[in-house]
Amino acid sequence: MQPDITIPDALKPSDGRFGSGPSKVPANAVAALAEEAADYLGTSHRQPTVQFTVAALRNAMAELFALPDGYEVVLGNGGTTSFWDAATFCLIEERAQHLCFGEFSSKFSKVAQAAPHIGEPSCISTDPGDHPEPVFDPEVDAYALTHNETSTGVMAPVVRPQGCTDQQLVLVDATSAAGGLRVDPHHSDVYYFAPQKCFASDGGLWIAAMSPAAIDRILKLSTQRWVPPTLDLQIAVDNSRKDQTYNTPALATLFLTLHTAQFICENGGLEWSAKRCDRSADVLYSWADRTDYTNAFVSDPAKRSHTVATIDLADSIDALSVAAALRANGIVDTEPYRKLGRNQLRIAMYPMIDPSDIEALTGCIDFVVNAL
Ligand SMILES: *Cc1c(COP(=O)(O)O)cnc(C)c1O
């Protein structure tokens, strides 16, 4: 039985959404969408109104990530999970090296392993809570990195392995990192993500910043092998260049993604949003360090994610009961990642989540734990 706990309003955050994805969509973004709705929603994605939004989104991403000359922003439907399927057709030529350190990074390696048209991937693994380093291997043509492992709250550097050749692509799953963690795009050939995390939008879309080498690889592989059209990245490149997608996109998702990207750009860019995430992370991890019943799950402070935190609770306190009591008070989605199976809370600290709300959340958790 869940005890009745009422958190005083004065302790509560201004917004109670701390989920890692879908994540908080700010009310002003929804209001902006409502204001444009009559001229935008329900109009053709092959006409200038929506094409203008796609063009603005591609430009905002190029600005936000300071993409080098020749890099292109490509987008398509299906989210990151579909992008993995597409990558096995159009980016991995024969063999990839995967860094596996949690649910999401492992999932891509399993997709590559099962694909009959490419060779067995090599996987470098660590236990959850840590991350492996890529190792130069002349036998691979792609390295699959994950900037932020959302299931465990570990962030990893985006760095080309020492000795990496021009023929080897670095593919980075940045789904819960892009827009919140600093990155040097020179170190990746494909930096891909979906916008329901740092970009405070909805799911169903993938966005990828691609280097000229990645675009060359796509052209080569899509002419060499049969590729299902929805996974054909050459079709995605061709459509993106026309500020369209191959098939119908969710227009609200495009709008909300652009809204956040422009908001970040106008406020000082990636450095600004990364600093906001730094601040939230500092608030949360210092609280976890000084509170006797909490422990950051990730032991190395340098690996503790600044966008998704995992906080272990003492065995005597049931994390699911804490999350349930928070939920009953309108503070939602602090449950741990189900498959990790730890007695912990998982808390998103994406740029659109206010650091002062993270501070308020720690007060609410303390209140609930005292009351339990
Ligand atoms: C959320 C997430 C995914 C899955 O994204 P979808 O858009 O749901 O396919 C993949 N990788 C990471 C790191 C994620 O955080």
Side-chain angles (χ1 to χ4, degrees), residues 18-21 23 99-106 124-135 145-159 161 172-184 187-188 197-198 270-315 317 319 322-323 334-337 340-366 369:
F18 295 99
S20 298
S23 63
L99 302 189
C100 300
F101 55 111
E103 188 62 22
F104 291 106
S105 47
S106 301
I124 306 178
S125 308
T126 58
D127 287 335
D130 200 349
H131 70 72
E133 307 283 346
V135 177
L145 277 51
T146 302
H147 199 178
N148 192 70
E149 181 43 84
T150 320
S151 65
T152 61
V154 170
M155 63 180 185
V158 174
V159 182
V172 183
D173 177 357
T175 306
S176 60
L181 300 185
R182 292 166 187 85
V183 68
D184 176 354
H187 278 280
S188 77
K197 298 183 183 177
C198 289
L270 191 58
E271 186 52 36
W272 173 82
S273 56
K275 276 211 182 84
R276 243 170 100 84
C277 296
D278 294 346
R279 213 170 336 131
S280 289
D282 183 48
V283 165
L284 197 58
Y285 293 123
S286 350
W287 164 77
D289 283 344
R290 68 172 184 266
T291 302
D292 54 11
Y293 68 86
T294 55
N295 245 323
F297 168 55
V298 179
S299 51
D300 181 349
K303 295 176 180 168
R304 288 177 190 163
S305 168
H306 288 197
T307 51
V308 176
T310 43
I311 307 292
D312 281 343
L313 302 190
D315 290 344
I317 300 158
V322 174
T334 60
E335 287 82 3
Y337 190 77
L340 191 58
R342 289 189 71 90
N343 187 44
Q344 70 176 207
L345 299 175
R346 185 174 64 143
I347 295 157
M349 306 176 291
Y350 297 139
M352 293 305 111
I353 294 173
D354 210 307
S356 65
D357 276 351
I358 296 289
E359 178 108 55
L361 173 64
T362 63
C364 293
I365 297 170
D366 285 338
V369 169

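Please read all numbers here as calculations on a predicted model, not as lab measurements.
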Identify the heavy atoms of [X] and [Y] that sit nearest to each other, and give their distance.
X      : Y      : answer
Pro132 : Phe101 : CD-CD2, 3.5 Å
Val308 : Arg346 : CG1-CG, 3.6 Å
Ala302 : Met155 : O-CE, 3.8 Å
Met352 : Cys198 : CG-O, 4.5 Å

inquiry  = Going by the rule ring-ring contact (aromatic ring centres under 6.0 Å, His included), which residues pair with Tyr285 if we only count those two or more places apart in sequence or in a different chain?
reply    =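 Listed in chain order: nothing, the list is empty.
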Counterpart residues, side chain to side chain donor-acceptor pair (under 3.5 Å), relative to [X] (two or more places apart):
X      : result
Thr307 : Asn148, Ser305
Asn343 : none
Ser356 : Asp354
Asp278 : Arg182, His306

Test item: [X] side-chain N/O and [Y] main-chain N/O as donor-acceptor pair under 3.5 Å:
X      : Y      : answer
Ser23  : Gly19  : no
Ser176 : Lys197 : no
Ser273 : Leu270 : yes
Glu149 : Ser105 : yes

ask   = Which one of Val135, Leu145, Thr126 satisfies the side chain to side chain contact (heavy atoms under 4.5 Å, CB included) criterion with Leu99?
value =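 Exactly one pass, corresponding to Leu145.
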inquiry  = Just to verify, what does Arg279 make a salt bridge (charged side-chain N to carboxylate O under 4.0 Å, His left out) with, not counting sequence neighbours?
reply    =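 Scan of Arg279 (salt bridge (charged side-chain N to carboxylate O under 4.0 Å, His left out), adjacent residues dropped) gives none.
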